[in-house]
Amino acid sequence: MAEYAQMNPGKYHLGYRFPTPAMVDSQPMDADVDHRISLMYKHAVVLGRTVYVGNVRVTDEKGITSIQSDSMYKSGVNQFDTFADFRKIEAAVDDGESITALLTYGRKILQFKQDTLYILDVSGGNERLDSTHKHKGVLHPASVCRTDYGCAWANELGCFMYDGKQVTNLLEKGGRRVINEATWATFSVIPMIGYVRNKRQLIVVDDVTTNGDGSIYLYDMVTSSWTRGSAGTFADAAKTNLTHDANGKLIHYTGSTMLEWDDTADDSTAMVIQTRDFDFGHPGVRKKIYRVHITYDTGNAASNVQVKFAADGSTTFDKVFKDGTNFASNELATANGWQRAELKPNTSSEANNIYSFALKFTTDSTVPAGFKINDISISYRLKSVR
């Protein structure tokens, strides 16, 4: 019997065969012999002691073969290698899309197609269409995964989570985008996604093939925050899906080489940390920024971390801070344990009558592996509305 795992989406995998007379005599069969079929499939899941397969090549008992890329079949209960033509399940007929991945959550099956997600409820032993989600499909099975919180997936429009009740776009928070559409669309090609169990984090790699540059976005489910990883974080090569080994480590293969996700800190000469554009909940109100406090640690080594700011959505971070507590020449001072730096705008008018404010941390040399930021606080005042 075939293994139910993430498989090459371009190939069919033989999982089922015609029952022989001996099989018919040795186990109960609820399908008439004339209805039995042999299947080859691209995607499969097991739920309720039943196998569900999607995007199939079907051969009937007369030897006639047909490709049914948009169809799903289910086996009999506890009859994992026996299928019948009347056990066909079609969430949508002739929608022009092929099934690209299957996932289960609770008593639901998530059927992904290129553009559309169909969620089927199989409770009660019967399948019914629970909901349809346009533009939530995926192009590759490596773009979906399970987490402690539900099922997660990514496409060129966003990164999504299904918790058994609703689909949420993780690129949105409090009714606002935290990563804009153009940035994500430029990043995402055919993304692959994996779940870091011990830290409850999602890793989204830009592309599962060679068309990206190996950059990533990391989503922390505890803090609901995103971090961008630079090019080369993953190899710019054809990759398998991200999965877990026997020890729960997140792994994938590039060629014949197995690679394990390792987020242990290293020295870096290319560190860039950029905050979002803060409007402090009042996008249409002018503000004055007085100071920024940063609690950080460098592991008793020179930080080589420079901090500058920008205002009103500018992407040119050329505005600087005065020398102050644990901060001089635009750079955070060496810290052995948590220290607090106070940063005041060098030119106060550049931080006055602004609508939004953002920080950027860069390096002019090597940032030590021990560099950490614990918190950032910004002192500001809303200006009167004229």
Side-chain angles (χ1 to χ4, degrees), residues 1-9 11-20 23-24 26-114 116-133 136-138 141 144-146 150-151 153 162 164:
M1 185 172 173
E3 180 182 2
Y4 305 120
Q6 207 73 280
M7 298 182 179
N8 187 327
K11 296 181 179 179
Y12 287 99
H13 303 272
L14 179 62
Y16 313 101
R17 56 198 180 281
F18 294 119
T20 65
M23 291 171 60
V24 175
S26 64
Q27 61 181 7
M29 307 295 255
D30 59 2
D32 186 271
V33 172
D34 291 340
H35 293 279
R36 303 225 179 91
I37 55 177
S38 178
L39 297 182
M40 300 182 77
Y41 63 92
K42 291 187 178 182
H43 314 287
V45 290
V46 179
L47 180 61
R49 303 294 295 168
T50 301
V51 175
Y52 293 84
V53 296
N55 197 331
V56 297
R57 186 168 73 186
V58 181
T59 303
D60 65 21
E61 57 92 23
K62 295 180 181 180
I64 299 174
T65 298
S66 62
I67 302 297
Q68 300 177 21
S69 61
D70 64 345
S71 297
M72 189 165 70
Y73 284 79
K74 71 173 182 177
S75 73
V77 177
N78 292 324
Q79 298 173 357
F80 301 122
D81 59 355
T82 304
F83 285 75
D85 56 15
F86 57 79
R87 290 188 177 276
K88 183 177 181 179
I89 302 167
E90 292 177 311
V93 179
D94 298 329
D95 62 356
E97 299 181 58
S98 299
I99 295 173
T100 55
L102 295 174
L103 279 182
T104 63
Y105 189 71
R107 300 294 297 175
K108 305 288 182 66
I109 294 177
L110 281 68
Q111 182 191 99
F112 293 91
K113 293 188 175 182
Q114 287 106 327
T116 309
L117 165 66
Y118 298 99
I119 300 178
L120 293 89
D121 189 332
V122 301
S123 59
N126 296 314
E127 296 77 21
R128 65 176 182 84
L129 182 61
D130 186 72
S131 58
T132 300
H133 304 270
K136 302 294 190 299
V138 299
V144 305
C145 72
R146 288 190 188 88
C151 297
W153 66 97
Y162 176 68

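Everything numeric in this text was worked out from a predicted model, so none of it was measured. Counting begins at 1 with the first residue of the sequence.
Note: I89 CD1 to Q111 CD = 9.0 Å, rounded to the nearest 0.5 Å. Rounded to the nearest 0.5 angstrom, T65 OG1 and M40 CE are separated by 9.5 Å. For the atom pair OG (S69) and CD (E97), the distance works out to 10.0 Å, reported to the nearest 0.5 Å. Atom CZ of R146 and atom CG of L103 lie 5.0 Å apart (nearest 0.5 Å). Atom CG of L102 and atom CG of L47 lie 11.0 Å apart (nearest 0.5 Å). In this structure, NZ on K136 lies 8.5 Å from CG on L117, to the nearest 0.5 angstrom.
Annotation for G137 and F112: closest pair CA-CD2, 4.5 Å, computed over non-hydrogen atoms. Considering every non-hydrogen atom in both Y162 and G164, the closest pair reads OH-O, 3.0 Å. Pairing each heavy atom of E127 with each of Y52, the nearest pair is OE2-OH, 2.9 Å. Residues V138 and A101 approach most closely at CG2-CB, 4.3 Å, considering heavy atoms.
Residues M72 and L120 form a side-chain contact, since some pair of their non-hydrogen atoms from C-beta on lies under 4.5 Å apart. At a threshold of 4.5 Å between non-hydrogen side-chain atoms, the residues V58 and Y73 count as touching. Residues I99 and K42 are not in side-chain contact: their nearest non-hydrogen atoms beyond the backbone lie 4.5 Å or more apart. The side-chain heavy atoms of S98 and D70, taken from C-beta on, include no pair separated by under 4.5 Å. Inter-residue side-chain proximity for L110 and W153 is flagged as met; some heavy-atom pair is nearer than 4.5 Å.
Applying the side chain to side chain contact (heavy atoms under 4.5 Å, CB included) test between S75 and each of T50, V46, T82 identifies T50 as the sole match.
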Inset, instruction - Show your reasoning for whether salt bridge (Lys or Arg N to Asp or Glu O under 4.0 Å) applies to R87 and D85. - result: CA-CA 5 Å; R87 290 188 177 276; D85 56 15; over 6 Å; no

Inset, instruction - Dump the intermediate steps for side chain to side chain contact (heavy atoms under 4.5 Å, CB included) on F83 and V51, then the final yes or no. - result: CA-CA 9 Å; F83 285 75; V51 175; 4.2 Å; yes

